[in-house]
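A short worksheet on the structure shown next.
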Amino acid sequence: MAKYLLLKHYRGAPAPVNDVPMEKWTPEEISAHVQYMNDFAARLEKSGEFVDGQALAPEGTWVRYDGEGRPPVTDGPFAETKDLIAGWMVIDVDSYERALELAGELSAAPGAGGKPIHEWLELRPFLAEPPTVTDCTFHG
């Protein structure tokens, strides 16, 4: 099994086919979209392919370490991930092809007019864990 991150973007991705911003959707269209996402996740939970997923609030802050004994530094506004990433889902699947299939299905979530968004999703594989010293075989 391999884990993949599916990222939903507010902006920064190519425009979807049904390119109407969510703030212009009716409450019914938003409910239908959320229900599609929940049904998709529930189906993947049953198949064992769902790991986790969350929608993200638009608020956020950049934070960095500022030295021993000093409070963290915050800054902004910038082109921040909070402006770009709307939410994410982690899946654990048998193959890259299955990850592509599921990302394509998730892209069909309904939007304005109840029609599929055809939104672009970023599909990112998790890095495999590096081998430990006990996993390595030395030849000499």
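Between Tyr4 and Val93, the closest side-chain pair of non-hydrogen atoms falls below 4.5 Å. In this structure, the side chains of Ile91 and Met89 come closer than 4.5 Å at one or more pairs of heavy atoms. For the pair Val90/Phe50, no side-chain contact is recorded, criterion being any heavy-atom separation below 4.5 Å from C-beta on.
Identified under the salt bridge (charged side-chain N to carboxylate O under 4.0 Å, His left out) test for residues 60-73, with sequence neighbours left out: Arg64-Asp66, Asp66-Arg70. Listed by first and then second residue, the ring pair (Phe, Tyr, Trp, His ring centres under 6.0 Å) pairs that reach into residues 13-47 are Trp25-His33, sequence neighbours excluded. Sequence neighbours left out, not one pair with a member in residues 18-30 passes salt bridge (charged side-chain N to carboxylate O under 4.0 Å, His left out). Applying the salt bridge (charged side-chain N to carboxylate O under 4.0 Å, His left out) test to every pair with at least one member in residues 86-97, sequence neighbours left out, gives no pairs at all.
When atom types are taken as modelled, the side chain of Ser31 and the backbone of Pro27 share a donor-acceptor pair closer than 3.5 angstrom.
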Apply side chain to side chain contact (heavy atoms under 4.5 Å, CB included) to the pair Trp88 and Leu56, showing each step before the final yes or no.
CA-CA 8 Å; Trp88 52 270; Leu56 299 174; 3.8 Å; yes

Would Asp39 and Met37 count as a side chain to side chain contact (heavy atoms under 4.5 Å, CB included) if you check the C-alpha gap in whole Å, the side-chain angles of each, and the deciding distance to 0.1 Å?
CA-CA 6 Å; Asp39 292 347; Met37 303 292 289; over 6 Å; no

Dump the intermediate steps for side chain to side chain contact (heavy atoms under 4.5 Å, CB included) on Glu49 and Leu102, then the final yes or no.
CA-CA 10 Å; Glu49 296 172 306; Leu102 292 175; 4.2 Å; yes

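Both Leu121 and Tyr96 sit in one connected hydrophobic cluster of ILVMFWY residues. Membership requires side-chain heavy atoms under 4.5 Å apart, directly or through other members. Neither Met1 nor Phe126 shares a network with the other; the hydrophobic side chains, linked directly or stepwise wherever heavy atoms of I, L, V, M, F, W or Y lie under 4.5 Å apart, form separate groups for each. Linking ILVMFWY side-chain heavy atoms closer than 4.5 Å, directly or via other members, places Trp120 and Leu6 in two distinct hydrophobic clusters.
One finds the OG atom of Ser47 at 6.0 Å from the CZ atom of Arg98 (value rounded to the nearest 0.5 Å).
Counting side-chain heavy-atom gaps under 4.5 Å among Ile, Leu, Val, Met, Phe, Trp and Tyr, Val17 is found in no cluster with other residues.
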Show me the donor-acceptor pairs within less than 3.5 Å that the side chains of residues 110-119 make with the rest of the protein, sequence neighbours left out.
residue : atom : partner : partner atom : Å
Glu119  : OE1  : Lys8    : NZ           : 3.4
Glu119  : OE2  : Lys8    : NZ           : 2.2

